[in-house]
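Here is the naming used below: chain letters follow the sequence lines, and residue numbers restart at 1 for every chain.
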Amino acid sequence: MALITKRIKGTQDVLPKESYRWQFIKKVLSDEAKNFGYKEIRTPVFENTKLFERGVGETTDVVQKEMYTFETKGGDMITLRPEGTAGTARAVLENALPNEGLPIKAYYFLSCYRYEKPQSGRLREFHQFGVECFGAENPAADAEVISMLCSIFERLGVKNLSLEINSIGCKECRKNYHEALKVYFEKYKDELCETCLSRLSRNPMRILDCKSPICKKIAEGAPKIIDFLCDDCKEHFEKVKTYLDTNGINYTVNPNIVRGLDYYSKTVFEFVSTDLGAQSTVCGGGRYDGLIEELGGQPLPSLGFGLGLERLLLLLDAQNIEIEKPAPCEIYFASMGDDANKKAFELASVLRTAGVFTEFDIVGRGLRPQMKYADKIGAKYSIVIGDDELQKNKAEIKNMSNGNKYEITLDKEKIISDFLQIKIKDELPSLEVQ
RNA sequence: GUGGGUAUAGCUUAGUUGGUUAAAGCGCCAGUUUGUGGCACUGGAGACCGUCGGUUCGAAUCCGACUAUCCACCCCA
């Protein structure tokens, strides 16, 4: 087939036969968020470009080379959101939510856009579930957010995830740490890869994240951020760990997690899985105490995480975690002739109004193809209507899985109660005996 | 942006050393059953063999370029 155009690179269609998987995880995720006191927030897909430049950070890869930015007809520069935190923070400030009381707890499902080369677990349009908590300085907030993720993964039945945490300190600690890193890496200037060389002057912390074996090896001997944390940050991190310990949450401290978005501070964490391929992070987050101020608000310590929905689904797939399929059609009306088809439509409407999942023929097929269709969609019961049935105002209803047949009225006033009685009789034959 | 793999019906694939109307299974539509699904049988629709160019009497097959897609780097969800 010669289509005039195809799907845009790095995007995916979610088809009717698979959308139930998305609906399932969205339900688990939002239920869990609600249990933790979060309410949904919805913000626009695009924002003023400045928001991301400031919020995410000018030196980050996301801002420098991955944003979908364009000029509107009115001459404004706008950007399709590459992540969810900046827009949420903007909305919180713009709507003066801090005045309504703290903390502000918001969760979201959103589509994000990054101009990257697609590969497994990495798309140009991807979907993310996230939560943001504003106005909570206490380490308990960090632990609470992490424990929420633990219960999410537990409810979903996801195994073999590891939680890695680190503290990257506040602005002050980082200044000293940067200096120490520069001094250290300067010594290996000739061995570092090209990208790391440029990182050296701009943001030496990123070298720690480099995957090139040589840089990795050099990075092993680099000073650790933990040793440069100020007393305040050190204490915060210790307390976070204590909270996790007392909640029985396993973690490993990974001094090399850095997070590529500038707004992070103090606690950062990732949930990673070896079942995912190269893009092993399902979920990443942390604290961003400086962001709100950066965007022009009063200082407001905050934190959150983003969880990649495509990656989560990939993970469920890899671990063969089954998701319950939606309930099939309850009653299928097969009809012969126009009058019977009209009757089927009428009765289907009555049943649907009562909440019974009902279908009838809208294609104009013969009886046999209609029955095949009923079988294909997994209809639980079928009712055939023809001239005889119209005359008697009664028909046979057949249980499609065992072939049991019952008589049912075609009277629209009585069909529902009739059907319910038949259903009870059919599903609980033992009751009839007693 | 840099590598590597792949490209034949909706899906999964076959296609022999280049040779005429490109094949199968599944799926789809229908018939066998003038009023009843699953099984079986029969038939039908559906592919300019990713695109363009080259070699050749002749290309799905050989060569080149491009494009798409997958995987990896980078980065992140």
Side-chain angles (χ1 to χ4, degrees), chain A residues 1-3 5-12 15 17 56 59-66 81-85 109-130 193-196 198-199 203 206 209-213 215 257-261 264 268 270-273 276-285 304-315 332-337 340 363-389 395-403 405:
Chain A
M1 193 144 25
L3 292 178
T5 178
K6 290 204 198 168
R7 185 162 25 92
I8 300 287
K9 187 201 277 270
T11 64
Q12 277 181 346
L15 303 176
K17 64 180 176 201
V56 177
T59 65
T60 62
D61 276 16
V62 170
V63 169
Q64 280 191 336
K65 42 188 206 196
E66 295 171 4
R81 60 184 169 213
E83 53 87 60
T85 301
F109 290 95
L110 41 77
S111 52
C112 299
Y113 303 85
R114 297 207 312 217
Y115 194 83
E116 295 186 274
K117 199 152 174 192
Q119 71 186 68
S120 180
R122 198 179 69 186
L123 294 157
R124 287 186 173 182
E125 180 186 58
F126 63 99
H127 296 80
Q128 188 170 301
F129 162 76
C193 73
E194 237 174 273
T195 32
C196 281
S198 72
R199 285 164 171 156
N203 192 350
R206 299 276 208 78
D209 234 6
C210 187
K211 303 239 165 42
S212 122
C215 300
I257 344 180
V258 171
R259 311 264 75 214
L261 309 180
Y264 286 110
V268 291
E270 282 182 12
F271 280 83
V272 296
S273 168
L276 270 180
Q279 310 304 316
S280 58
T281 304
V282 210
C283 170
F305 65 78
L307 187 153
L309 298 185
E310 283 86 356
R311 287 185 190 176
L312 179 60
L313 253 7
L314 231 42
L315 197 53
Y332 180 83
F333 282 102
S335 59
M336 302 170 62
V363 179
R365 285 193 265 226
L367 182 59
R368 210 168 117 90
Q370 287 186 61
M371 290 307 290
K372 284 194 176 186
Y373 177 76
D375 184 59
K376 195 177 89 174
I377 62 173
K380 291 189 207 155
Y381 295 95
S382 66
I383 299 174
V384 177
I385 305 180
D387 290 341
D388 295 352
E389 286 79 7
E396 274 186 337
I397 179 167
K398 177 157 97 175
N399 178 323
M400 295 291 281
S401 54
N402 58 21
K405 287 181 176 176

**Q.** Residues A:T11 and A:E125: side-chain donor-acceptor under 3.5 angstrom
**A.** no
Q) With distance as the sole criterion, do the side chain of A:E389 and the base of B:G35 form a donor-acceptor contact below 3.5 Å? A) yes
**Q.** Exam field: side chain A:E310 to backbone A:L123, donor-acceptor pair closer than 3.5 Å
**A.** no
**Q.** Closest to side chain of A:D375, choosing from B:C71, B:G38, B:C74
**A.** B:G38
Q) Which comes earlier along RNA chain B counting from the 5' end, the contact point of A:G308 or that of A:L276, where each point is its nearest nucleotide? A) A:L276
Q | A:Q370 CD to B:G35 P, straight-line distance once rounded to whole Å | A | 12 Å
Q) Does the base of B:C71 carry an N or O that pairs as donor and acceptor with the side chain of A:R122 under 3.5 Å? A) no
**Q.** Touch class at under 4.0 angstrom, heavy-atom based, for A:E116 against every strand present
**A.** base
Q. With no angle test and no hydrogens, is the base of B:G38 tied to the side chain of A:K376 by a donor-acceptor pair under 3.5 Å?
A. no
Q.
For A:R7 and A:K65, find the nucleotide of RNA chain B closest to each by heavy atoms; which residue's nucleotide sits nearer the 5' end?
A. A:R7
Q: Could you check which of B:G31, B:G35, B:A72 has an atom nearest any side-chain atom of A:M336?
A: B:G35
Q. Stacking check: are the rings of A:F126 and B:A77 less than 5.5 Å apart at their centres and under 30 degrees in tilt?
A. yes
Q) Whole Å only: how far is the CG atom of A:D61 from the P atom of B:C73? A) 15 Å
Q: Take the protein atom CG of A:L123 and the nucleotide atom C1' of B:A77, then report the distance between them rounded to whole Å.
A: 10 Å
Q) Any chance CG of A:L15 has more than 12 other-residue heavy atoms, nucleotides or ligands included, within less than 6.0 Å? A) yes
Q. What's the CG-P distance between A:N399 and B:U36, to the nearest Å?
A. 19 Å
Q: Measure from the side-chain heavy atoms of A:D388 and tell me the nearest of B:G35, B:C71, B:A77.
A: B:G35
Q) Of the nucleotides B:A77, B:G31, B:C73, which one has an atom closest to the side chain of A:K372? A) B:G31
(Q) For a quick check of understanding: with a heavy-atom distance under 4.0 Å over all strands, which category does A:E125 fall into, base, sugar-phosphate or nothing? (A) nothing
Q) Taking the side chain of A:Q279 as its heavy atoms from C-beta onward, which of B:U2, B:C74, B:G38 lies nearest to it? A) B:C74
Q) Are A:K9 and B:U69 close enough that a side-chain N or O sits under 4.0 Å from OP1 or OP2? A) yes
Q) Counting side-chain heavy atoms from C-beta on, which of B:A77, B:U36, B:G31 comes nearest to A:E396? A) B:U36
Q.
Looking only at the side chain of A:L367 (C-beta and beyond, no hydrogens), which of the listed nucleotides B:A72, B:G35, B:A77 gets closest?
A. B:G35
Q | Donor-acceptor pair between A:Y115 and A:E66 side chains, under 3.5 angstrom | A | no
Q: Choose from B:C71, B:A30, B:G37 the nucleotide whose nearest atom is closest to any side-chain atom of A:S120.
A: B:C71
Q: Salt-bridge test for A:R124 and A:E116: reply yes if a basic N is under 4.0 Å from a carboxylate O, no otherwise.
A: no
